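A short write-up of the structure that comes next.
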Amino acid sequence: MNPPADGPSVVVFEEDFEKGLDRWEILDPGTWQLSKKDGNTTLEITARESAYEPPVRSPFHVALIRDLELQDFDITFRVRSTKDTGNHRDCCVFFCYQDDQHFYYVHLGAKPDPHSGQIMIVKEAPRLALTQNESLTAWDNEWHTVRVARDSQSGTIEVFFDDMETPHMQVTDKSFSKGRIGIGSFDDMDEFDDLVIRKK
């Protein structure tokens with residue numbers, strides 16, 4: 001994937017899942033697996049249900065990168081939704097993750113509502129939408145590219161879906177400045193590959 005066009009950056013993390021999962025902490029390992037198809041390895045969520053029970057209402061499928069905490073970053077990856085679950089069909093991106101009650105996440109739900117298709121915050125309470133996004137997320141059975149850009153000084157969060165130039169949604173919030181980064185889903189099934197994180 002090409003680097004973002006909005007300033008200099010350095011790659012601090014790359015993952016194509018060809019060397020296993022040593023760099024990942026998966027909160028419910030029983031619902032994730034490495035899948036190999038046509039010589040390519042991906043990371044896949046294998047069931048909608050999860051044994052992970054978050055302390056407040058928030059996503060159930062969470063895979064966090066080990067030993068990496070960032071303030072300002074740009075993450076891109078490819079994702080394929082593997083089950084059509086309707087309006088809330090989604091994938092999630094977690095960032096500024098401090099613990100299971102303090103983090104942001106992007107919910108790329110198919111049809112937006114206060115609980116779907118928004119940039120969310122979890123802050124010692126059930127997840128709350130920071131945005132009022134009204135744009136549909138065009139899920140189908142094909143691969144798509146997601147990008148999330150965070151600038152802690154300004155507080156901006158920008159989310160891109162396939163179109164890497166025009167944000168799919170965006171917001172400004174400074175509740176959390178630094179933390180871990182991860183991928184996953186609220187309660188859906190996805191396949192991930194080719195993840196790159198750049199530090200601004």
Side-chain angles (χ1 to χ4, degrees), residues 13-17 20-35 41-70 73-110 112 115-123 126-130 137 139 143-150 157 159-161 168-169 176 179-197:
F13 184 87
E14 291 183 271
E15 180 64 88
D16 60 9
F17 303 107
L21 295 174
D22 289 347
R23 297 192 291 178
W24 294 86
E25 177 188 0
I26 298 176
L27 301 190
D28 177 15
T31 56
W32 295 72
Q33 71 176 21
L34 291 173
S35 299
T41 304
T42 61
L43 179 60
E44 188 170 5
I45 301 171
T46 59
R48 296 193 66 193
E49 300 78 15
S50 174
Y52 172 59
E53 297 181 2
V56 295
R57 182 71 172 164
S58 57
F60 297 98
H61 298 297
V62 181
L64 298 167
I65 300 167
R66 296 184 187 275
D67 304 320
L68 180 67
E69 294 190 11
L70 295 175
F73 65 87
D74 191 294
I75 177 174
T76 57
F77 60 90
R78 296 194 307 128
V79 60
R80 185 174 72 89
S81 173
T82 59
K83 184 176 179 65
D84 186 352
T85 58
N87 290 342
H88 284 200
R89 185 182 193 179
D90 79 89
C91 88
C92 293
V93 187
F94 308 95
F95 55 100
C96 297
Y97 187 102
Q98 299 172 9
D99 56 43
D100 57 13
Q101 294 194 66
H102 300 86
F103 60 94
Y104 296 113
Y105 73 94
V106 173
H107 184 280
L108 282 162
H115 299 133
S116 173
Q118 309 294 339
I119 300 172
M120 304 282 193
I121 187 170
V122 176
K123 191 176 181 181
R127 46 74 168 108
L128 178 69
L130 295 172
T137 304
W139 290 115
W143 285 93
H144 297 274
T145 301
V146 170
R147 175 186 168 210
V148 177
R150 168 65 170 173
I157 302 166
V159 182
F160 303 81
F161 187 85
H168 183 63
M169 51 182 148
F176 307 131
R180 301 174 70 185
I181 299 171
I183 52 177
S185 172
F186 200 101
D187 59 357
D188 281 310
M189 296 166 63
D190 296 303
E191 189 175 5
F192 299 90
D193 203 2
D194 300 329
L195 186 148
V196 179
I197 297 176

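The residues of the chain are indexed from 1 along the displayed sequence. It should be emphasised that the depicted structure is a prediction, and the values quoted were computed from it without experimental measurement. Both backbone and side-chain heavy atoms feed into the values below; hydrogens, waters and symmetry mates do not.
Under the side chain to side chain donor-acceptor pair (under 3.5 Å) criterion, the residue pairs touching residues 51-70 are T31-H61, with sequence neighbours excluded.
Using a 4.5 Å heavy-atom cutoff, the side chains of V93 and F77 are in contact. Contact check for F94 versus V148: no side-chain heavy atoms found under the 4.5 Å cut-off. D16 is listed as a side-chain neighbour of D193, based on a closest heavy-atom distance under 4.5 Å. The closest side-chain heavy-atom distance from V146 to H144 is not below 4.5 Å. Residues R127 and Y105 form a side-chain contact, since some pair of their non-hydrogen atoms from C-beta on lies under 4.5 Å apart. A 4.5 Å side-chain heavy-atom check between L43 and E15 finds every atom pair outside the cut-off. Contact of the I157 side chain with the F95 side chain is registered, since non-hydrogen atoms from C-beta on lie closer than 4.5 Å. Residues W143 and E191 meet the side-chain proximity criterion, which asks for heavy atoms closer than 4.5 Å.
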Please walk me through it: do F186 and F60 pass ring pair (Phe, Tyr, Trp, His ring centres under 6.0 Å)? CA-CA 5 Å; F186 200 101; F60 297 98; 5.6 Å; yes

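Annotation for S185 and P59: closest pair O-CB, 3.6 Å, computed over non-hydrogen atoms.
Judged purely by atom type and a 3.5 angstrom limit, R89 has no side-chain atom pairing as donor or acceptor with the backbone of T137. A side-chain donor-acceptor contact under 3.5 Å links D188 to the backbone of D90. In this structure, H102 contributes its side chain and K123 its backbone to no donor-acceptor pair below 3.5 Å. The main-chain N or O of S35 is never found under 3.5 Å from a side-chain atom of Q33 such that the two would form a donor-acceptor pair. Side-chain atoms of R48 come within 3.5 Å of backbone N or O of D187 as a donor-acceptor pair. Side chain of D28 to backbone of A51: a donor-acceptor contact under 3.5 angstrom is found.
For Q98, the side-chain hydrogen bond (donor to acceptor under 3.5 Å, both in side chains) criterion is met by no residue, not counting sequence neighbours. Judged as a side chain to side chain contact (heavy atoms under 4.5 Å, CB included), and not counting sequence neighbours, the contacts of A63 are W24, I26, W32, I183.
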